[in-house]
Every structure is written in structure tokens, then in C-alpha cells.
Protein chains: 2
Amino acid sequence: MDLRKLKYFEAVAEEKHIGRAAKLLHISQPPLTRQIHQLEEELDVVLFNRTPKGMELTDAGELFRQEVKNIFALIDQATERTQKAGRGELGRLDIATFGSGILDSIPQVLLAFKKAYPEVSIVLHQMDKGEQIKALRQKRISLGFNRILSPLPDIRSELVTTEALLLAVNTSDSMANMTHVPFDSLRDKPLILYPTSNRPSFVDKIYRLCQLSGFSPVVSQEVGDAVTAVALVASGFGSCIVPESATVLSLPGVIYKPFINAPDESSVDLSCIYRKGDNSPLLKAFLKIVIHYRMQNSKQVVTR
Amino acid sequence: MDLRKLKYFEAVAEEKHIGRAAKLLHISQPPLTRQIHQLEEELDVVLFNRTPKGMELTDAGELFRQEVKNIFALIDQATERTQKAGRGELGRLDIATFGSGILDSIPQVLLAFKKAYPEVSIVLHQMDKGEQIKALRQKRISLGFNRILSPLPDIRSELVTTEALLLAVNTSDSMANMTHVPFDSLRDKPLILYPTSNRPSFVDKIYRLCQLSGFSPVVSQEVGDAVTAVALVASGFGSCIVPESATVLSLPGVIYKPFINAPDESSVDLSCIYRKGDNSPLLKAFLKIVIHYRMQNSKQVVTR
DNA sequence: TAGATTGATACCTTTAAGGTATTATTCAGG
DNA sequence: CCTGAATAATACCTTAAAGGTATCAATCTA
């Protein structure tokens, strides 16, 4: 079977005339006659009745014509879909997020991507950093969102946004009516912290900042994610340090305060990580959106 | 696009290795490399990632592989269906029957055909002879069942069965307890007859038989079809002459009597008619069943 | 570092599709 | 009844494209 023959068949079926069909196909009549004969021989079916006026489809030919139409439609569809997939406009993207990272920035990036590439289905997975790296290597995911990174030979990363750290305090706290909180006022204040999972972690960062300010934090409670932490702040368990994006959690009894006199690097990055060799167009498309988001975001910061 | 390329693509996708795939396809490696490159160029999509270990499908390639599988399945299906249609095993057959002809023989033939060619859908149309011939010429039907035929240049016919003529009489009739009815006893007996639609007709035949016996029939009533006629016999309107197959109508008050001393040709043919030039495999298949039916039927008559 | 294995490239051979000239057949019109 | 026009079919040649052989560049492995 040969698509050329099918195309030729379609033309003859349409024109009911070998000569005219040949002209339409920009070939001469004899080769077309031959191709039609070969097709009939291959199928072992008479597709046309030859009359002195031209070619007339048999019932079997009529049926075959429909089938051929479907075949070409399917081929066109296959081509189109494959090309879309090749441009990263169609497919499935498995993305990992960490516990409370799914606040503010990540949804915004995902939304922007969804808008630009509506035919890509995004599947989200909850994973901590260690799991993300494992899943990346096993190709179970193509992307992971993370905060604190250590360089790895087979993993690349792209910065999404940089967020200031804020202190979430209870409204009954003595610091509640300050506009800015000096970082070292955290000395002796009970802090809600997170367990250290995979180093380097967000907790490590907080410990280092305290160390730079010359004290060790007093841990009142360890919780798994920022949402729980803020909830505990609301009920008076203590304060906690959160990235700026956590302010979307507006719980009664909680207010967020910026630091003053904080050591350098009192901000935290949000990055996405991916396999080094991955040249999938889906990944490229996503990174393009990430970079666009970062640009737009930093511009906003500048113009503020 | 070219099915050869798709076949080659499938092989490489399966083997993940150009060399092995080439061996499987019984060609050498370089042309296969070239074909894959051409396919990628034509689609403008990278289908494989080349590694030192072999070829690895990209996401787009993976999708294309599915599509290609569907394409080949559709082509196979198209081929199969067309071949069936070419052998008359698939399709639609429009058949005309006349009023009461749809008794006994015709259903048996249709049933036999349905059994032998289950994938052919038969569409029945009620038409008298004149309409049948018109519909045949306009190709609205491919076959018509009929009794009395006049030869036409563009219409062929095939005998289905020959039936004796019987007299349907009311049980109260004086002839009811005869085993055989002399034909000329119909003289002066009221007969239920049919209107003459297209000559030569069944009525013409009856008139001729009467004429040969030396009398003219007394018409008590004209009715459109044999079923109505027999119903009138049941209620005492008179007698009527019917083909043997009408005996399947067993109405209370009606008994069927064979003739004796009837003129020659006191039997009537059931034939099917079709276009002279029609070489459709569906028609051929149907005629084969018709001839088979006739053979089997005449054998039964002989062995009786 | 040497050898083996991968896909890619260069160049020639062979197959099959396309072109030109012609034929057989059928139908329409004189 | 014959002639001419139109149809698809056939014979034979030309051309384009697929296939084969030899070889290369790159990468991993021992």
C-alpha cells in the first residue's frame, strides 16, 4: 500500500476521468492508469467500472473512498498533533511542588503556562526536595519547584523569584504594633520551625541568619509546612519566619512584619529544577514562561 | 508523507536501534538513517534522541508512534472492508418486492442470503413491476422480485421458483369437498381478481387460462393483493386463484384446491430481475443464492 | 589509550514512478 | 453504415528516489 496510490485514487474517484485526474495531479495519463491498476491488483478488488465516458466507482470503490478519506484525515491529525508536541504545545508535564511552596508564585507561573499552552496537561506532585531529585532522575517528573539548592552535576535550575523573609506574629505579641522588626529581637522569642529534611534547607537558612545575628533560636514547635505554622501563630504558639508569598494566608490574629537590621541574604529564592540533558520542548516552553514571569516580576519591583 | 517511512519509524521506535531495525526490515543501516532523517525533516519534529547506545523516542516521537499505530490499523481495516465489499460480503442491497409476493419463497431466499452474507444489509421496498423497472434503471434498487415478465433489452431475470396455481375456496362452497377442481368448473363462479397494473400481469395469465378453457371469468371483486383476496374468500365473497405459496395463509373458512384438466402453463414463475450490465459482487452473490435455492427446491420436488 | 559500537556521510547501483507515442474500443453524427 | 472524437490501455524509454558498500566521527568500555 502506498499513499501516492491513495491520493491518485481520490483524484480519479473525484473526477471520474483518468485524463482530467492526471491533469489535476500534474502527471500524464498512462502512469495514472497504471497506478490505479496496481491498486486494484493489490487489493484484489475492482474499484472502478470503466465506461466509454470515464471511470465510475463500484460499490466497493465507494466504500474505499470513504476509508481513504478517513486515512488522510488521521494522517493530517497525526502530523498536526506531533508537530504541536514537538513545539511543546501538546503533552503532559509532571511537576513537583513542596509542601507550602504552592503559594502565590507557583500558581501564577502555572497559570501563565496554562494560558500560553492550553493543550499541555500539567500533573502536580507533592514532593520534598530529595524526592524531587530522585523523581527527576527516574524521569517520573520533568520539573520541581524548590527553595534552597545545592548544585548537582546532573540537575540544572532556573530562578523563579526572590522573596523577602517576613515574621508572622500574633496580634497580641509585643511586636505587633512595630512597623519593622529588628532581626535580633527574635533572640529568646519562641519560634515555630520546620523539620530539616534535605540539606540545605529553609531551616538551615534561618539557623544561619540567627547565628550571624549572634544568637540561637528558641524552637517552640516543629511543623511540616508553612500553612500549619501560620495557623499556630494565629493561636499564639509563637512567631514564625515565612517567605513573602505566605502573606496570601490572611488568618485572623496574624500579621506579617518586615525585618530591619537583618543580616545579608535575608531573602529566599524560589527556583525550579530539571534534568541537565533534558531538551524536551515542553520543558523549554515552561522555562520560557518562568523567565518571562521573573522578568515581569522584577520590573514590577523596580517600578514600585 | 510516505507509509514506508512510517513502517521504518515503527521499527526503529520498537528496536531503539537503527542497525537492528535495519536488519529487521531487510535493508542496510544507511538508508534507514536517511529515511528517519527525512521523516523528521518533513514533520519538522525531532522524533528520536540519539544516544551512544541507540535511539530514544522523544515525547513527540512517543505520541507519533501511537498515531502511526492507529494509521496502520485504519489502513488494514480499510483494506479488509473493501475486499469484503469486493467479494459482495459487505454492503447494502436494495431489493423490491411486490404486494403479496412476500410469501414463502422470497423470505426463504432472503433468509438464506442473510445467513451466507451476514454483513450485507438488505433494504426492502414495496414496488409493483413498473416501479421496479424504473427504480432499477435509476439504480435506486439492484433487484426486484416479480412473477410475470416481458423481456426487456436492459433487464435480465433469474427464475426463483415455479409454483402451481391453486383455487382458494370457502369451506361452504360446493367444491370444498372435492380433492381436485376441474379448471372449467370456474365457469360462472364469482372470482376475486387483481387489478391489471403493468402488463403482462398475473391477471392476464388468469384471463388467458380461462380463455383456453373456453369461458370468461365472472369477476366478483377486484382487490390489491393476494392476502386481501384470501380474506375475502374466507368471508364468502367467492373464490380466487393464488400461487401455491399463498397456502401459508391459513385462514379459517378457506381451503386450497389443486386444479385438474387445467390448460398447459397453469403454473406461475417467480423471478428476480436486475440490470443487464450490473456486475456488482453483491448482485452476483445474491443470484448465486437464488440459483442454489432453485436447485435445492427442484430436487425436493423430484424426491417427493 | 585502544577497541568496539553507535549513527552519519559520500558515492554508486537498482528499482519504480513518470513521460511520449500509439492502440483498441465505444459512442455520436453525418 | 461509416468516420471521427474520446475513452482507457499498452509498449517503450527517461528520470527520480530508494537501497547498497565503504567509510567516518563520536562515544563509551576495558
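These numbers come from the heavy atoms of this one structure, side chains and all, not from hydrogens, waters or symmetry mates. Reminder, nothing fancy here: chain letters follow the sequence lines and each chain counts from 1.
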Between B:T162 and B:D269, is there a side-chain donor-acceptor contact under 3.5 Å, judged purely by atom types and distance?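 Checked: B:D269/B:T162 side chains pair up, N/O donor to acceptor below 3.5 Å.
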Is a side-chain donor-acceptor pair under 3.5 Å present for A:T79 with A:Q83? no
Given atom [atom1] of [X] and atom [atom2] of [N], what is their separation to the nearest angstrom?
X	N	atom1	atom2	answer
A:I18	D:dT10	CD1	P	11 Å
A:L25	C:dA17	CG	C1'	13 Å
A:E56	D:dT7	CD	C1'	14 Å
A:H37	D:dA8	NE2	C1'	8 Å
B:L47	C:dG7	CG	P	15 Å
B:I36	C:dT9	CD1	P	14 Å
B:E15	C:dG7	CD	P	11 Å
A:N49	D:dA8	CG	P	13 Å

For D:dA9, take OP1 and OP2 only and decide whether either is under 4.0 Å from a side-chain N or O of A:R50. yes
For the side chain of A:N146 and the backbone of A:I148, is there at least one donor-acceptor N/O pair under 3.5 Å apart?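 Here the side-chain-to-backbone pair does not exist.
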Whether B:K16 and B:E56 form a salt bridge (side-chain N of Lys/Arg under 4.0 Å from carboxylate O of Asp/Glu) is what I want to check.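 Salt bridge: no.
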Should the ring pair B:F145 and B:F286 be called parallel, tilted or perpendicular, given that the plane angle runs from 0 to 90° and is split at 30 and 60? perpendicular
When you check every protein heavy atom under 4.0 Å of nucleotides 15-30 of chain D, what one-letter string (B, S, -) results, 5' to 3'? ---BBBBB----SS--
Tell me whether B:K284 forms a cation-pi arrangement with B:Y274, defined as NZ or CZ under 6.0 Å from the six-membered ring centre and within 45 degrees of its axis. no
